[in-house]
Amino acid sequence: LPSSAFPAFSRASSKKIYILLSISSFAFITAILINAGFIESLYDLSSSMVYPSNPPTPHYIAVSSYSLAPFTSIVSMSAVDSILKSSGGAAVSTIYEVLAPVEIGSRILILRGISRGNLSAVAGSFSISGEEFSDACMDCLWIGSGIAEELGLRINDTVILYSIMTSSPYFFKVKGIISSSSPLDWELLTNLDAARAVRGIGGSEASIALIFASNESSLGKIAEAFGASPEKSGILEKALLALRYSGGNLSASAYGSLSSFYLSRLGISRSLLYAVLLSVLILLAIGFYYFGKAVAGSDPQSFSILHEQGLSVKRIKLYSLLLSSLSAAAGSLSSFAASYLIFPKLGVSFLGYAIHPALSSEFLALGFIFLLSFLSLGIYASEVVSFEES
Amino acid sequence: LALTSERKAKTQEGSLSRKGLLRTLLLVLLRKDALLILLLVSSIPAALSASYSLLSPVFSEEARGSLSLLGERPSLSLSPSQPQNATCAEVYALSAEVHSSSFSTEAPAFFVSSTAFEEMFGIPLPQEKPAAFLGSSISSLLKAREGSIIEVCSENSCSSYRVSGVLGSSSFPSSIFIVDGTFPNEAPAYAEKLYLCPSNAESLIEAATEDIEGSLSSIAAILSVAILSACFPIIFIGFRRILSLAGRDAETLLEVGAPRRSLKLSLFFLVYALSASMFAYGLILGIFSVHFSLWALRLFGIFIESRPLLSPSQSLDLFLIYAAVSALAAAFAARRWEIA
């Protein structure tokens, strides 16, 4: 066989079907990426809410109570402080945060309470227009610039918000608008005392504690002081300790991430979400079996001629697969590029946060693999030449 | 089978009527695995988009169920305008500097008449007026209890009040109420007039679930549209495959005198109608699989009672998107279809 068989084959075969295959791969991969992206973003929401944007050290853990969400958690600050003391000063610093869901003009948003000194650690780089953040104030509110724009709120406006936790109204004055690249842009911000009143917890309680250590071994010591099993300290980086109070005793279990903990409380694990996504992917990819058949049957006449010229059926199928892989790859890659450009603009508001689908290269790869598998099944299951025996 | 019905149609009316043609083509399609192809290309996207659309109804039913206990809690609402069908009390609100012997902070202060205060909070007033009532949080911050003296200042004028009581923990925890017999003369001119009305948490929870349901259903809508439009090329390929399967029978029909144009139109119509019914079947399949999954969750210890159905408008929306996508696919497929 001449070495120029493949170029000859590609010249002879119908272009239209491969163009259609590219478009089809583009649509399929985009649908998969949007699916995976939204589920991933919703999944990671609680982590992105709680983890600091500018941590003082890269080694930290979040401490939550055994609850359903960051804003239903209650952590006793005195209990955390006394445990940290018993760990022998392994912690560099601790940040307490209060998170509460509030209703404002039939929208549900998150109100975050932090102390002034921790603002830059939580928010990362930020700027405030209006009054500076203050700790001694029960009716002061700073509003994320994204939400301020959406609700049309300005400095010195009066805001009446309702706490879902206490179902009481709260009277606030907008003291400033805060702009940052962190989730704070979509939240309401106030100090710890005012947020505690909204959350309905006492003066020595918080929703979440973030504990920072100078290195990983100190982090392990802290986890041990909390009673978490030391063999789990390997997963502690940025992880979570869930505290359980029972009979006056406090015990902690370590989790790989915040989101996995909260969702596991709901009975949903990350692997279950992936299983759902994978089955969606496979169901959508089944159609490519018929595409494979269409590719193989696209041009029986020229295939027959090529076959008569000495190109074996095996070769014809192989070349068809090669050409269709190339066009599917072109479609998939351009879908990935388009998603990269479009996803930041494709946002849905959830609890005030603008949720953009996350771009997942794993699902690009998985989608492409399943697409190719069904495509090749289709190609190999069909007859490419009308009279194979001749 | 196809040929016998062809002959029947021919003998009945002399030449092939449109009805006979449709019936014959339907038999051809049913014989040619067309249903299996349509099942794959139409039912799967239908089932997936139906499952996504059920996401938000499941959530809101569950959330309403678990929050309904909270909803019975009596509460007060505060609004800048007088709501209809409610007996409300006027209050004057301002931001005040509050000082106690040990602490100072800024807090909202409400000036209210004694009758209104008694009506809204159900707390009998002490003899001494003016009286100050503190929310639970501000009371513990100021370390002020019943009998303590606090100073309330705004715009450089201060007054001292004796604390007459502390409100319950879930009502205005961060506020101060100044109940004054000579009200409203003592309320400063720059205070904001608001209406305090009795309510319960029901409307609050309704708003909360509606807001989250709205977010979830817009995500579900994006996912459904993405899936349905991703299926366009597959639907097109499926239709083309069916048309090519029916090709030889169509030739026979042409030979027995069926007009080419009406043959093409009938086939187009039939494939389209069959795929629409497969789509409807897929929607039902999706609902069924969601119900089954919700039921199966009890095996993992999660009890979800809601078994939502697609609302007529949801099904219609999905159906219209599919109808548009598949009409386009069918038109493309039919245009390229050549008999013999």
Side-chain angles (χ1 to χ4, degrees), chain A residues 20-21 23-25 27-32 34-35 38 42 101 103 106-108 134 136-140 158 160 162-173 193-194 196-198 200 202-203 266-268 280 283-284 286-291 293-294 297 346 348-351 355 357, chain B residues 37 40-41 44-45 47-48 70 73 75-80 93 95 104-108 110 135-138 140-141 169-175 192 194 200-201 204-205 207-208 210-212 215-216 218-219 222-223 226-227 229-234 236-238 240-241 297 300-302:
Chain A
L20 190 66
L21 181 58
I23 297 170
S24 172
S25 318
F28 167 73
I29 294 290
T30 309
I32 292 300
I34 289 178
N35 267 272
F38 269 119
L42 279 178
E103 192 222 11
S106 78
R107 290 283 308 274
I108 304 297
S134 150
C137 178
M138 294 298 278
D139 64 350
C140 299
T158 296
I160 293 163
Y162 291 83
S163 164
I164 308 287
M165 296 308 190
T166 65
S167 60
S168 170
Y170 292 79
F171 178 92
F172 277 101
K173 285 268 179 201
D193 287 327
R196 279 190 194 111
V198 174
L266 283 172
I268 305 163
V280 168
L283 281 174
L284 280 180
I286 288 175
F288 282 95
Y289 173 77
Y290 285 105
F291 227 118
K293 287 202 146 191
L346 189 71
V348 170
S349 160
F350 189 81
L351 291 174
I355 302 277
Chain B
I37 295 172
L40 276 176
V41 301
I44 287 174
L48 287 177
L70 210 67
R73 200 159 65 189
S75 165
L76 290 168
S77 77
L78 204 57
S79 66
S95 289
S104 294
T105 187
E106 194 185 305
F110 294 96
S136 56
S137 299
I138 191 94
S140 61
L141 267 182
S169 65
S170 63
S171 110
F172 293 89
S174 51
S175 308
E192 249 174 275
L194 297 171
N200 55 31
L204 185 63
I205 284 149
E210 258 170 36
D211 183 64
I212 295 176
S215 303
L216 285 179
S218 49
I219 292 178
I222 291 177
L223 297 184
I227 281 183
S229 38
C231 286
F232 167 75
I234 302 291
F236 166 70
I237 290 287
R240 229 179 58 167
R241 176 118 191 110
L297 278 178
F300 302 96
I302 303 162

I need the [X] [atom1] to [Y] [atom2] distance, nearest 0.5 Å.
X: B/Ser136; Y: A/Arg196; atom1: OG; atom2: CZ; result: 13.0 Å
X: B/Ile237; Y: A/Phe288; atom1: CD1; atom2: CZ; result: 9.5 Å
X: B/Ile37; Y: A/Tyr290; atom1: CD1; atom2: OH; result: 4.5 Å
X: B/Glu210; Y: A/Ser106; atom1: CD; atom2: OG; result: 8.0 Å

Closest approach of [X] and [Y], non-hydrogen atoms and distance?
X: A/Ala27; Y: B/Ala230; value: O-CB, 3.3 Å
X: B/Pro80; Y: A/Ile160; value: CD-CD1, 4.4 Å
X: B/Pro173; Y: A/Ala197; value: CG-O, 3.5 Å
X: B/Ile222; Y: A/Ile34; value: CG2-CG2, 4.0 Å
X: A/Pro169; Y: B/Leu78; value: CB-CB, 3.9 Å
X: B/Ser174; Y: A/Met138; value: CB-CE, 3.5 Å

Given heavy-atom pairs under 4.5 angstrom as the criterion, report whether the side chain, backbone, both or neither of [X] touches chain B.
X: A/Phe350; result: both
X: A/Phe171; result: both
X: A/Val348; result: side chain
X: A/Asn35; result: both
X: A/Ile286; result: side chain

Region of [X] that comes under 4.5 Å of a non-hydrogen atom in chain A:
X: B/Ser77; result: both
X: B/Phe232; result: neither
X: B/Ser104; result: backbone
X: B/Ser95; result: both

Check: [Y] and [X] side chains under 4.5 Å, non-hydrogen atoms:
X: B/Cys231; Y: A/Leu284; result: yes
X: B/Thr105; Y: A/Asp193; result: no
X: A/Phe291; Y: B/Ile234; result: yes
X: B/Ile219; Y: A/Leu42; result: yes

(request) Could you tell me which of A/Ala31, A/Cys137, A/Gly287, A/Pro101 has the largest number of non-hydrogen atom pairs under 4.5 Å with chain B? (result)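 Of the candidates given, the most pairs with chain B belong to A/Cys137.
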(message) Counting heavy-atom pairs closer than 4.5 Å to chain B, which one of A/Phe172, A/Tyr289, A/Phe28, A/Phe38 comes out on top?
(response)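 Going by pairs under 4.5 Å, I would pick A/Phe38.
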